[in-house]
Amino acid sequence: MDRILIKGGVPLQGEVAISGAKNAALPLMAACLLTDQPLELDNVPDLADIGSMQRLLQVLGVEARLLPGAPGRMTLACENVLSTTAPYDLVRRMRASVLVLGPLVAREGIARVSLPGGCAIGTRPIDLHLAGLEALGATIELADGYVTATAPGGLVGGVIRFAQPSVGATENLMMAAALAKGTTEIHGAAREPEIVDLARLLEAMGAGIEGAGSSVLRIEGRPTLGGARHHILPDRIEAGTYVMAAAITGGRVRLTRCRPDLLGAALEKLEEAGVSIEPTEDGMVASRANGALSGVDVMTRPFPGFATDLQAQFMAMMCVAEGASMITETIFENRFMHAPELLRMGANINVHGGTALVRGVSRLNGAPVMATDLRASVSLVLAALAAEGETEINRVYHLDRGYEQIERKLGNLGARVERVA
Ligand code: UD1
């Protein structure tokens, strides 16, 4: 299994291009199941999760391929659905596999998807996905670890009310509603930029969608949808991570192919903590505003609030800030697994339930550490970049799920980073 070795202490300098958003690409790829016409996606990141979704779609009958000589361009075509079952072996690798449920049942009248089960950052149920499909007329059965949704006469538009916003459930139901008879309203919808990106694709395919980016969505279903070409929006989490890599090392990094506005409330929190973010024509320049970073309290919230996917990285930065920071996680239970690893590097963190109190220390020290999930592992990379000495990060496959060519990108910024098999 690969490991990453980082010798810390180099202020990062230079330019980094931000990749297309993984969390947008996954639902956009699943949307190909809604039509027998080809979809063409640009700016697809080269990540393990994209490969997992590609394999799952291939099992279902999709011809999904990256075009040779055109980096990031993928065509997906599903003339006929060959299977309506998403098997356990593929779903357990990636929870986002559940995104095929809505499109499959909408097109075929039946879909069978393995229940994703627990994962490192909590139980993460799919009850909202299922209740939403029932509101569109599907019958749901759970047996043998699989959920089966059936709607032999097709789905029918309905009113869905979420008690809490769910990104995945909103996406699944938007796709299902795009092929349902009549109009669907989703109240309490998630407002993440990736939802807006999916709405743009579904519109290009022929569906009528109003309200994307707000908490009420109105979707006009169509009997059939067509092909489309779509450019995937930049990865705001990758961008936020490189902003913090610049800040934690006291460097100055120009991020291209991204947008500061996609950072939502994280932008203000970063600035409050002493990170300077200057917008540019195609991105931003990140550096430390003046001298030290300072402790700032954050609470994770659905977009436009502070993203849970940036919480671990922010905690790494707070470990070396002046003063204390209270970090409260409200989206996922059990999402502080980076804290004990950061402690091993000399951080001062106290976790009580969903809150972590971080008292800044003057420096971190390199240590062997272990990644437990995608964002936890990148927070260890950030800590390692700032630490004295060498850090060895194990279980790098988590990083490969969500960060395209991370060691090359960091290396180009001057970091002393090496991957060893
Ligand atoms: C997506 C992102 C993930 C991000 C998360 C929150 C993708 C592929 N992944 O995950 O990176 O951390 O949004 O921004 O886009 N919930 C239920 N019942 C459900 C569905 C969700 O209770 O049926 C709960 C979850 O347990 C969690 C909260 O709702 O507490 C938000 O989860 P959700 O927005 O659904 O996250 P994902 O779509 O899984």
Side-chain angles (χ1 to χ4, degrees), residues 20-31 45 47-50 52-53 56 91 93-102 113 115-135 140 142 147 149 160-176 186 188-198 215 232-233 235-238 240-241 262-266 299-314 328-338 354 373-379 398-399 401-403:
K22 166 181 86 77
N23 285 353
L26 295 171
L28 294 168
M29 289 170 73
L47 297 170
D49 274 10
I50 299 297
S52 300
M53 181 59 93
L56 170 59
V91 177
R93 266 167 235 254
M94 186 185 59
R95 289 185 46 86
S97 307
V98 76
L99 290 169
V100 302
L101 183 64
V113 173
L115 284 165
C119 73
I121 60 172
T123 44
R124 298 180 84 170
I126 57 163
D127 55 315
L128 299 170
H129 301 239
L130 303 183
L133 286 175
E134 278 180 324
I140 304 290
L142 301 176
V147 51
I160 297 165
R161 292 181 198 279
F162 288 137
Q164 71 180 95
S166 157
V167 175
T170 303
E171 291 165 345
N172 227 336
L173 292 158
M174 283 165 77
M175 292 189 274
I186 306 179
R191 302 168 54 192
E192 269 66 6
E194 293 73 26
I195 304 274
V196 180
D197 216 33
L198 176 61
S215 55
I232 298 173
L233 95 170
D235 196 314
R236 61 199 166 97
I237 307 301
E238 190 195 23
T241 304
L262 296 178
L263 290 173
M299 185 183 277
T300 61
R301 303 299 295 162
F303 193 83
F306 191 99
T308 174
D309 286 351
L310 289 173
Q311 179 259 106
Q313 300 89 312
F314 199 84
T328 306
E329 173 60 54
T330 72
I331 308 293
F332 293 113
E333 61 204 90
N334 200 13
R335 206 176 193 182
F336 285 140
M337 278 140 355
H338 40 290
D373 76 46
L374 170 55
R375 309 304 170 185
S377 48
V378 87
S379 80
H398 289 295
L399 278 177
R401 289 189 41 213
Y403 288 90

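Just so you know, ligand 1 is whichever comes first in the structure, and atom 1 is the first atom listed for that ligand.
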Inset, instruction - Take Asp309 and Lys22 through the side chain to side chain contact (heavy atoms under 4.5 Å, CB included) test and state the conclusion after the steps. - result: CA-CA 12 Å; Asp309 286 351; Lys22 166 181 86 77; over 6 Å; no
Inset, instruction - Check each atom of ligand 1 against the heavy atoms of Thr308 and keep those under 4.0 Å away; list them by number with element. - result: 6 (C), 12 (O), 14 (O)
Inset, instruction - Output yes when the distance from some N or O of ligand 1 to some N or O of Ser166 is under 3.5 Å, and no in every other case. - result: yes
Inset, instruction - Show your reasoning for whether side chain to side chain contact (heavy atoms under 4.5 Å, CB included) applies to Ile126 and Leu115. - result: CA-CA 8 Å; Ile126 57 163; Leu115 284 165; 3.8 Å; yes
Inset, instruction - Could you check if a side-chain atom of Thr328 sits within less than 4.5 angstrom of a side-chain atom of Thr300, using non-hydrogen atoms only? - result: no
Legend entry - Where ligand 1 meets Gly168 - atom numbers and elements under 4.0 angstrom, heavy-atom basis: 35 (O), 38 (O)
Inset, instruction - State if Ala190 counts as touching ligand 1 under the rule of any non-hydrogen atom under 4.0 Å. - result: no
Legend entry - Subset of ligand 1 atoms that lie under 4.0 Å from at least one heavy atom of Ile331: 27 (C), 30 (O), 31 (C)
Legend entry - Residue part near ligand 1, for Gln164, under 4.0 Å between non-hydrogen atoms: side chain
Legend entry - Nitrogen or oxygen of Asn23 less than 3.5 angstrom from that of ligand 1: yes
Legend entry - Min N/O separation Arg375 to ligand 1 under 3.5 Å: no
Inset, instruction - Report the member of Leu374, Leu310, Asp309 with the shortest heavy-atom distance to atom 4 (C) of ligand 1. - result: Asp309
Legend entry - Minimum-distance pair of heavy atoms, taken over all atoms of Phe162 and Thr170: CE1-OG1, 3.7 Å
Inset, instruction - Within a distance under 4.0 Å of any heavy atom of His129, pick out the atoms of ligand 1 and give their elements. - result: 23 (O)
Legend entry - Check against side chain to side chain contact (heavy atoms under 4.5 Å, CB included), Arg401 and Ser52: CA-CA 9 Å; Arg401 289 189 41 213; Ser52 300; over 6 Å; no
Inset, instruction - Could you tell me which residues satisfy side chain to side chain donor-acceptor pair (under 3.5 Å) with Glu194, sequence neighbours excluded, listed by chain and number? - result: Arg236
Legend entry - Residue portion contacting ligand 1 (non-hydrogen atoms closer than 4.0 Å) for Val167: both
Inset, instruction - Decide yes or no on side chain to side chain contact (heavy atoms under 4.5 Å, CB included) for Ile237 and Val378, but give the supporting numbers first. - result: CA-CA 11 Å; Ile237 307 301; Val378 87; over 6 Å; no
Inset, instruction - Record the part of Ala169 in heavy-atom contact with ligand 1 below 4.0 Å; permitted values are side chain, backbone, both and neither. - result: neither
Inset, instruction - Please work out which of Pro116, Pro165, Pro125 has its closest non-hydrogen atom nearest to atom 19 (C) of ligand 1. - result: Pro125
Legend entry - Carboxylate-amine/guanidinium contact Asp49 Arg95, below 4.0 Å: no
Inset, instruction - Only counting residues at least two apart or in another chain, list the ones meeting side chain to side chain donor-acceptor pair (under 3.5 Å) with Glu238. - result: Lys409
Legend entry - Proximal ligand 1 atoms for Arg335, defined as those under 4.0 Å from one of its heavy atoms: 12 (O)
